[in-house]
Amino acid sequence: MPTALRVTLALLATLLPHVSGLTCHVCRSQPPSASGPASANSTLGLILTLALHSPPDCRQFGADDPQFRTECPLGLNSTCAVAEDTAGRRVKTCFGAARGAQGCFTEPGGTFCLCRGDLCNEAAVGARSVSVVLVVGLVTALAVW
């Protein structure tokens, strides 16, 4: 194998783990009264049981705290997710949803939201992003003006 090709392959192999580029907030909280996953066959149940590592407790969540951030690994790098079930379990994590899947969804037992973009899963489930509210407000103000 030519040396130039070996060098190129070595560089690609070195950079490949960092290609994902998606960074999500991560945390998990499980109240003492919560037991079992929402449903083993549901997206909500999958998100609630998914743990990239031992994430910090969501009850101490701080958006600027680096312990609540992670670069998503390949396979789980298409969306960020936040999920909460009726028992009070909450998870923020990376998720491998189908390309383009975004928005909030309700399943029996709880709700989950998927978004694409760095740290887009900061808000609680169902909460509107401050940036969305600001943009809508600005567009409305300009339209009226």
Answer yes or no: is the gap between the SG atoms of Cys120 and Cys115 smaller than 2.5 Å?
->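 Judged by the SG atoms alone, which are under 2.5 Å apart, Cys115 and Cys120 are bridged.
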
Gap separating the [atom1] atom of [X] from the [atom2] atom of [Y], nearest 0.5 angstrom:
{"X": "Arg89", "Y": "Cys58", "atom1": "CZ", "atom2": "SG", "result": "13.0 Å"}
{"X": "Arg69", "Y": "Cys27", "atom1": "CZ", "atom2": "SG", "result": "13.0 Å"}
{"X": "Arg116", "Y": "Cys24", "atom1": "CZ", "atom2": "SG", "result": "11.5 Å"}
{"X": "Glu84", "Y": "Phe112", "atom1": "CD", "atom2": "CZ", "result": "14.0 Å"}
{"X": "Phe105", "Y": "Thr43", "atom1": "CZ", "atom2": "OG1", "result": "9.0 Å"}
{"X": "Leu76", "Y": "Leu22", "atom1": "CG", "atom2": "CG", "result": "10.0 Å"}

Checking [X] side chain against [Y] main chain: does a donor-acceptor pair fall under 3.5 Å?
{"X": "Asp65", "Y": "Phe68", "value": "no"}
{"X": "Thr79", "Y": "Phe95", "value": "yes"}
{"X": "Thr93", "Y": "Ala81", "value": "no"}

Pairwise side-chain contact, Leu44 with Thr111, heavy-atom cut-off 4.5 Å (strictly under) =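 Of all side-chain heavy-atom pairs linking Thr111 with Leu44, none is under 4.5 Å.
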
Honestly, is Lys92 close enough over Phe61, meaning NZ or CZ under 6.0 Å from the six-membered ring centre and within 45° of the axis?
->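 Yes, cation above the ring, under 6.0 Å and within 45°.
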
Which pair of non-hydrogen atoms, one from [X] and one from [Y], has the smallest distance, and what is that distance?
{"X": "Glu71", "Y": "Gly21", "result": "OE2-N, 3.7 Å"}
{"X": "Ser42", "Y": "Gly45", "result": "OG-N, 2.9 Å"}
{"X": "Ala63", "Y": "His25", "result": "O-CE1, 3.4 Å"}
{"X": "Cys94", "Y": "Thr70", "result": "SG-CG2, 3.8 Å"}

Option passing side-chain contact (heavy atoms from CB on, under 4.5 Å) with Cys80 (candidates Thr23, Asn121, Leu114) =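 The option that passes is Asn121.
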
